[in-house]
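First the structure, in the form of structure tokens, and then the observations on it.
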Amino acid sequence: MNKVDHIGIAVKDLEIALPYYIDTLGLKLLGIEEVSSQKVKVAFLDAGNCKIELLEPIGEEGAIAKFLEKRGEGIHHIAFGVTDIRTRMEELKEKGVQLLQEEPKPGAGGAEVAFLHPKSSFGVLYELCDKGEK
Ligand code: CMX
């Protein structure tokens, strides 16, 4: 884990949330994309040494739709930038961390991602995010 790549924040509607981040807080919008594998539409904002990822659910299923229903809008996950994600996953598994999948999944920006269960991470959902950078 060499850095925090981004902080994921669940929102009901990007169109409503974005003006707050761009106009009120003054963050620069880096891009918007749909990540169909995760059933979300995301917007990335530049927050200096880290990014903010706003996540709007696509449809009524999926992790973000469920999170909003149960807990409302707010911080959803923290993503560590990693290299060689499969090795990192193996190392964590050997240390007893519960991973949410066996194989990395496609994430935003062409990254490979994997999640650590909040139950084995003191109530925090962590993401490993590998952008193929060395
Ligand atoms: N942070 C901390 N705790 C969380 C959480 C979160 N984001 N989401 C759920 N939990 C907790 C719940 O509060 C619940 O705790 P209790 O049992 O004490 O009530 C427990 O985890 C189980 O939660 P649940 O609502 O029953 O939800 P599920 O088990 O169906 O799913 C999780 C939870 C984390 C396994 C699921 O959301 C998941 O697989 N997440 C990984 C994928 C993901 O989040 N994708 C969206 C982001 C995509 C992107 O960044 O592109």
Side-chain angles (χ1 to χ4, degrees):
M1 317 289 185
N2 46 21
K3 63 171 182 186
V4 173
D5 181 81
H6 64 264
I7 296 170
I9 297 175
V11 297
K12 289 181 196 151
D13 188 333
L14 279 180
E15 263 187 56
I16 295 174
L18 272 174
Y20 172 74
Y21 283 89
I22 297 169
D23 304 327
T24 309
L25 297 185
L27 303 186
K28 184 174 169 233
L29 178 65
L30 297 170
I32 297 181
E33 74 175 281
E34 285 196 11
V35 186
S36 49
S37 64
Q38 300 286 338
K39 297 191 173 67
V40 285
K41 185 171 169 190
V42 304
F44 278 99
L45 297 130
D46 185 356
N49 58 356
C50 173
K51 291 184 283 290
I52 300 279
E53 179 189 35
L54 302 181
L55 303 123
E56 174 195 294
I58 297 173
E60 284 165 22
E61 287 167 24
I64 297 300
K66 191 169 179 190
F67 180 87
L68 285 169
E69 195 184 301
K70 276 184 88 171
R71 296 165 68 140
E73 293 179 305
I75 294 182
H76 178 260
H77 66 267
I78 294 176
F80 287 112
V82 300
T83 53
D84 202 354
I85 191 167
R86 285 175 178 75
T87 306
R88 299 288 90 74
M89 289 169 76
E90 275 310 311
E91 286 167 359
L92 289 168
K93 239 163 58 180
E94 276 165 25
K95 290 177 181 171
V97 176
Q98 190 186 340
L99 295 165
L100 283 164
Q101 61 273 326
E102 290 295 319
E103 285 292 315
K105 287 189 175 179
E112 288 193 297
V113 303
F115 290 86
L116 318 189
H117 201 293
K119 291 283 174 203
S120 64
S121 302
F122 300 90
V124 179
L125 177 62
Y126 283 112
E127 174 186 326
L128 308 180
C129 175
D130 185 348
K131 294 180 181 157
E133 293 159 357
K134 290 288 160 204

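All residue numbers in this chain count up from 1 along the given sequence. Both ligands and their constituent atoms are indexed starting at 1 by order of listing.
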What residue and heavy atom of the protein are closest to atom 4 (C) of ligand 1, and at what distance?
-> Arg71 NH1, 3.2 Å
Residue part near ligand 1, for His76, under 4.0 Å between non-hydrogen atoms | both
Would you indicate whether the side-chain heavy atoms of Glu69 and Glu60 approach each other to under 4.5 Å?
-> no
Within-cutoff protein neighbour (heavy atom, under 4.0 Å) for atom 18 (O) of ligand 1 | yes
Note: ligand 1 atoms sitting under 4.0 Å from heavy atoms of Glu127 are 50 (O)
Mind checking whether Leu100 has a heavy atom under 4.0 Å from ligand 1?
-> yes
Run down the list Phe67, Phe122, Phe115 and name the one with the heavy atom closest to atom 41 (C) of ligand 1.
-> Phe115
Tell me, yes or no, whether the heavy-atom count around Lys51 atom NZ, taken from other residues, nucleotides or ligands under 6.0 Å, exceeds 12.
-> yes
Nearest heavy atom to atom 50 (O) of ligand 1 wins, so pick from Gln101, Glu69, Glu53, Gln38.
-> Glu53
Mark yes when over 12 heavy atoms from residues, nucleotides or ligands other than Leu30 sit less than 6.0 Å from its CG; otherwise mark no.
-> yes
How are the rings of His6 and His77 set relative to one another: parallel (under 30°), tilted (30 to 60°) or perpendicular (over 60°)?
-> perpendicular
If you scan protein heavy atoms around atom 25 (O) of ligand 1, the nearest is Lys70 NZ, 3.0 Å
With heavy atoms of Leu125 as the reference, note each atom of ligand 1 found under 4.0 Å away.
-> 1 (N), 6 (C), 7 (N), 34 (C), 44 (O)
For His77, the atoms of ligand 1 under 4.0 Å from one of its heavy atoms are 50 (O)
Is any NZ, NE, NH1 or NH2 atom of the basic residue among Lys105 and Glu127 found under 4.0 Å from an Asp or Glu carboxylate oxygen of the other?
-> no
Could you grab the distance from atom CD of Glu103 to atom CE of Met89, nearest 0.5 Å is fine?
-> 6.5 Å
May I ask whether atom 48 (C) of ligand 1 is less than 4.0 Å from at least one protein heavy atom?
-> yes
Using a 4.0 Å heavy-atom cut-off, say whether Leu55 meets ligand 1 through its side chain, its backbone, both or neither.
-> side chain
Which residue and heavy atom of the protein sit nearest atom 21 (O) of ligand 1, plus the separation | Pro118 CG, 4.0 Å
May I ask you to identify the nearest protein heavy atom to atom 37 (O) of ligand 1, giving residue, atom name and distance to one decimal place in Å?
-> Ala63 CB, 3.4 Å
Linked, directly or transitively: Phe115 and Ile78 (ILVMFWY side chains, under 4.5 Å) = no
re atom 2 (C) of ligand 1, the protein heavy-atom contact at minimum distance is Gly123 O, 3.1 Å
Top protein contact for atom 28 (P) of ligand 1, by heavy-atom distance = Lys66 NZ, 3.6 Å
Rounded to the nearest 0.5 Å, how far apart are CG of Leu55 and CG of Leu68?
-> 9.0 Å
Could any protein non-hydrogen atom be found less than 4.0 Å from atom 33 (C) of ligand 1?
-> no
Kindly indicate, with the supporting measurements, whether the criterion side chain to side chain contact (heavy atoms under 4.5 Å, CB included) is fulfilled by Asn49 and Val4.
-> CA-CA 8 Å; Asn49 58 356; Val4 173; over 6 Å; no
Between the main-chain N or O of Gly107 and the side-chain N or O of Gln38, is there a donor-acceptor pair closer than 3.5 Å?
-> no
Atom 20 (C) of ligand 1 has as its nearest protein heavy atom Lys119 CE, 4.0 Å
In plain terms, say whether Lys131 and Asp5 are close enough for a salt bridge, that is, a side-chain N and a carboxylate O under 4.0 Å apart.
-> yes
